[in-house]
Amino acid sequence: MSRPIQRANAALVFGGIGLSFFFLFLAARRLDLSKVAEAFSHVNAHPWLELAALACLAGYVVRGMRCRLLVSRQAQVTNSTATNIVVIGYAGNNVLPARLGELVRASMLTERTGMPLATALAITFVERLLDGLVILLFFLISATYAPEQTWVHVSIWVVSVLFGVATAFVALAVVAPQYVLGKALGISQRLQPEWRDRFVSFTTAAVQGVAYLRSLHNIWRIWVLSTAVWLLEVAMFYFVMVSFGFGAHPAWALLVMSVTNLGILIPASPGFFGTFHYIAMQALMLFGVEQAKAFGCAVIIHLTFYIPITIWGVLVMVWYGIGVGATLVAAYGGRRAPTIEVEPESPMKVLGSARRRLSTRRADVVLRAIIEALVDPAELGVGSEAREQILADVFEFSASQIQALPMRLRVAFRGGIWCFCAVSYVHARAPFAQLSSGVRRDIVELWAFGPVGLARQLFRPIRSVAYLAYYDHPEVQRRLADGTSPATARGTAVVTGAVS
Amino acid sequence: MTPIPFAVIVGSGAGGAITAHELAASGRDVVVVEEGDDLDAGAFDQHGPKMMGAMYRRRGMTPIVGRVPIGYVEGCCVGGSSEINSGFWHRVPREVLLSWKGRYELDGASPQELEPHYEWAEAALGVGLSKRPWPGSTAALARGIAAMGWSYQEVPRAPLTRPDPRDPAQGDASGPTAGVRSTVLARARAAGARLISNCRVTHLLRRGARVDGVLARFSRADGVVELVRILGEHVFVCCGPTETPALLRRSGVKLHIGDTLRVHPMLKVAARFPEPVGGRVSPVPLIQIKEFWPEISLGGAFFSTGHLAMLLSDNWLANRDLMRHADCMASYYVAVKGTGAGMVRPSRVDPDGANLRYDLSDIDILHLSRGLARLSEVLLAAGAIEVLPCVQGLPAIRSEVEAVRWLDERLVPASLSLGTVHAFSSCPIGEREDRCAANSFGKVRGFENLYINDASMLPDSPGVNPQGAVMALARRNVVRFLEENP
């Protein structure tokens, strides 16, 4: 390791420890240790501390589920593996200074999944950002319960600005990855080719790390899980506070948890010693809790997550048979994208890779019902099996065509179909897909061919592709060529009816 | 260390293939990077749903937004749009070339200068006329034209099924198209050009006034997508009228790029005849009415039962019964020169997308209305029982009186269902620095080694199918490039 890096590491370690001592000093000054001992002696441990530990552990399991989803674009891991990786990260923070556990955890992701370290770091960053946003929300809610304090308002502003900026960056990478890559290319234009390749490779890998969030559905899932994580954390705080018997309200736990977790974003010594205790104590004292009890409560809350998670993390490291150093070395290898040739003499240099996302189109019952209302193979006199096959083929083609629309038109189409479903529900008092075929056909014809231009525009793409797929279907063409189709008879009746 | 190729060509369509051929034939190391797959168009039913899924950009779902949305299709496969179009072949009329010279100060590009390049491309593609007798839908149109006493032209094509390119009379020009994949590009590959398919170029690697190469996403067969860098001494961007400006702008090259998209707006009609016209057997009518050119062109459009249903779907409740008469129907089009203005911008949110906009002008509407009147007249004169335009709410035209109404009246823009397969001019070439993206030979302004050589370079609407213009100009440009870079 080079001398400047050694110096930087030493500065991190000693700076962190110095901060810890500083906050410990702040927490312990004017503290009556005998009162602290008395507070401990009155702790009603059973069942509250067991419940707190359970809530804490459950929180890590939910974090694992969230991590599994976030990495799912790059790698498939089980919930247990993802949870273990998460726990290793937190255990790393407990034993390493300056939140270096985050690096250990990203390295572990790289080592376990083979994804680039930049991607793993981006995923870790996204998790922290989500945590921060949920905690900030809790902070805002709980601040209404807290007595007026200037530092609370200042904290809200500072944290909001920090997370707002971070969220904007992540949102840009989620929404416009090519734009970010273009900017990276612009920035690296003057670099030597090797360094430019590295920069582009790193940027691409980082952008891939947020790829899971490119769907509103996925964002919703991640948000729900993040909320669950921090509600469990609130529960842990609450149970410990109840065990001290000072009549804590859940809103107190909400505020103390959010303030403390935002506070320990400050890099400090291993395990957040000092910073955690001081901030938690100050938050508790806002509600009139006396200093000794507040300090004691902070110590117990800290131990509730520190001991089990550190033990769990160490056990996992042993189970996986690797040390922290080995993980970091493995991650260092994954830091650079492989430079391989696709074929001998190929002019391509690979800067990074990702697995193509498999099409996971969800069953779109509404689209299928609309198509059934537009085309009906039964009128060709085909059997039920052939009918199903034709409809399946038409649906598959139509859904693929709609999916191929440019994003903004696709979003507009989905929004329009949502409105269509809502209006038809109000009209028929039942979900569109559950209506009888006759009613469905009437509604679709009213929208697709009726007097309202906007409705016709909405149905234009789907009717066009559905008719194309249907009438170019080999079975339909065969039936039409045979002239055995009674479809035209029904068509005549309809047309006559329309004219008359 | 792998040597850096002499040229990287982005796109393998009409412009890219001919660029690759000329460079490879001169002994240069050439790499052609193509976003789409390397497929044989002959393996598909032309324009069928499977072909749309495999060979069309965005599966054929690329609307141009604007005052009236226009459905636009282009190829996304080795060979580009030449693999999916009807293969009609036109040389750019002399007056159009003169107009380009006057308005854009396009150097050279006279009919005489382009002549050898046309001849080369026509020979390479096997362009020729159809054997007689014409298929039913073509014969019907010819009958109408004769009755009206108008001028027309049988359009040469590059058909896949021509048995002997040296004897056009023996070919069947009504079948599928021979694109550049099996002709020009095959020759380029035989001369040593390397083709990388399934590789979408996302950015150019700029370094000041030079472009070092390209950054691309290469999709491997095993489902892995790799970000790759391909270096080249020269970079030719030939990825079509919409993707070329999108790529250039995404890479920060913006001067006069993507600001002047032009299209030929096209309105289709279905005509029902009393007798079968064999549309399903011979899906492409082969003659065009030139009486009203250059503002208006009338001709035959691709036909299949599915396409007929799409044509009729604007007034489906009134027309669906006609599907049983599919054998007696054929489709035709009115195409106008296009005097509106359009633009191309890369989408910021859609990694593979470009935002296309074209605003139809009032003159375009006027020409479409008059074109509909003329087309209806000629089809009724040919014996059609009724003419069914793709205009929402417009009933079938059954008499000449109903047809000529549109000589005076204008169609309602919001009711039109328009399409186009011809887009161009998004990066015009010429010596006018105030309006041209590149010089007369495709060298992008402000860059030492960056060129465009596809339909985007046409200075303005050619008024005819642009493939011939693209191939002739592209070959001329590469010949000049080779003279300057011996």
Side-chain angles (χ1 to χ4, degrees), chain A residues 175-179 181-182 185-186 189-190 193 196-197 200-201 204 341-342 345-356 358 397 400-402 404-409 445 448-449 453 456 460-461 463-464 467-472 476-477 480 483 485 487-488 491-492 494-495 498-499, chain B residues 2 4-5 8 31 45 48-49 53 58-63 194 196 202-203 205-208 212 215-216 218-220 223-232 250-252 304-310 313 315-318 320-321 323-324 326 346-351 353 355 392 414 417:
Chain A
V175 173
Q178 291 296 322
Y179 178 77
L181 188 56
L185 281 169
Q189 197 181 130
R190 298 280 171 194
R196 181 172 64 188
D197 288 352
V200 169
S201 178
T204 308
E341 289 193 341
V342 177
E345 297 299 309
S346 168
M348 294 194 284
K349 180 185 177 186
V350 178
L351 303 181
S353 60
R355 186 154 286 279
R356 191 187 303 140
L358 297 174
F397 177 75
S400 301
Q401 295 300 108
I402 295 297
L405 279 169
M407 188 184 286
R408 57 182 177 165
L409 296 178
E445 287 183 355
F449 311 110
R456 287 199 310 271
R460 192 174 158 197
R463 68 162 156 80
S464 297
Y467 289 145
L468 174 68
Y470 180 70
Y471 283 100
D472 270 351
V476 175
Q477 292 214 332
L480 289 174
S485 162
T488 48
T492 305
V494 172
V495 172
V499 171
Chain B
T2 309
I4 294 175
V8 174
V31 175
D45 290 334
R58 286 189 174 278
R59 304 176 63 94
M61 304 291 279
T62 313
R194 287 180 286 174
I196 303 170
T202 61
H203 292 88
L205 294 171
R206 291 176 56 192
R207 182 181 299 281
D212 288 348
L215 197 68
F218 175 57
S219 302
R220 287 192 342 204
V224 172
V225 179
E226 289 177 322
L227 181 74
V228 298
R229 181 260 278 147
I230 305 169
L231 297 182
R250 205 182 294 124
S251 307
S304 77
T305 319
H307 280 73
L308 174 64
M310 278 209 298
S313 68
N315 299 292
W316 185 248
L317 298 185
R320 62 182 161 194
D321 190 41
M323 289 306 297
R324 67 174 171 169
S347 171
R348 293 228 163 119
V349 294
D350 197 345
N355 296 329
Q392 201 275 326
S417 286

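Chain letters run A, B, ... following the sequence lines, proteins first, then strands; residues in each count from 1. Owing to the predicted nature of the structure, the values given are computational and were not obtained by experimental measurement.
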With a 4.5 angstrom heavy-atom cut-off, which part of [X] approaches chain B: side chain, backbone, both or neither?
X      : answer
A:L409 : side chain
A:L405 : both
A:S464 : both

Tell me, side chain or backbone of [X] under 4.5 Å from chain A's heavy atoms, or both, or neither?
X      : result
B:S251 : neither
B:N315 : neither
B:S417 : both

pair [X]-[Y]: side-chain heavy atoms closer than 4.5 Å:
X      : Y      : answer
A:L181 : B:L215 : yes
A:F397 : B:R59  : yes
B:R229 : A:R196 : no

Between [atom1] on residue [X] and [atom2] on residue [Y], distance to nearest 0.5 Å:
X      : Y      : atom1 : atom2 : answer
A:F449 : B:Q392 : CZ    : CD    : 10.0 Å
A:I402 : B:M61  : CD1   : CE    : 4.5 Å
A:L468 : B:L308 : CG    : CG    : 11.0 Å
B:R58  : A:Q401 : CZ    : CD    : 11.5 Å

For A:R190, check salt bridge (charged side-chain N to carboxylate O under 4.0 Å, His left out) against everything at least two apart and list the hits.
none

Restricting to salt bridge (charged side-chain N to carboxylate O under 4.0 Å, His left out), what partner residues turn up for B:R250, sequence neighbours left out?
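With sequence neighbours excluded, B:R250 shows a salt bridge (charged side-chain N to carboxylate O under 4.0 Å, His left out) to no residue whatsoever.
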
Dump the intermediate steps for side chain to side chain contact (heavy atoms under 4.5 Å, CB included) on A:V476 and B:T305, then the final yes or no.
CA-CA 10 Å; A:V476 175; B:T305 319; over 6 Å; no

What heavy-atom pair brings A:R463 and B:S313 nearest, and what distance separates the two atoms?
NH1-OG, 2.7 Å

Residues B:G306 and A:Y471: closest non-hydrogen pair is CA-CB, 3.7 Å

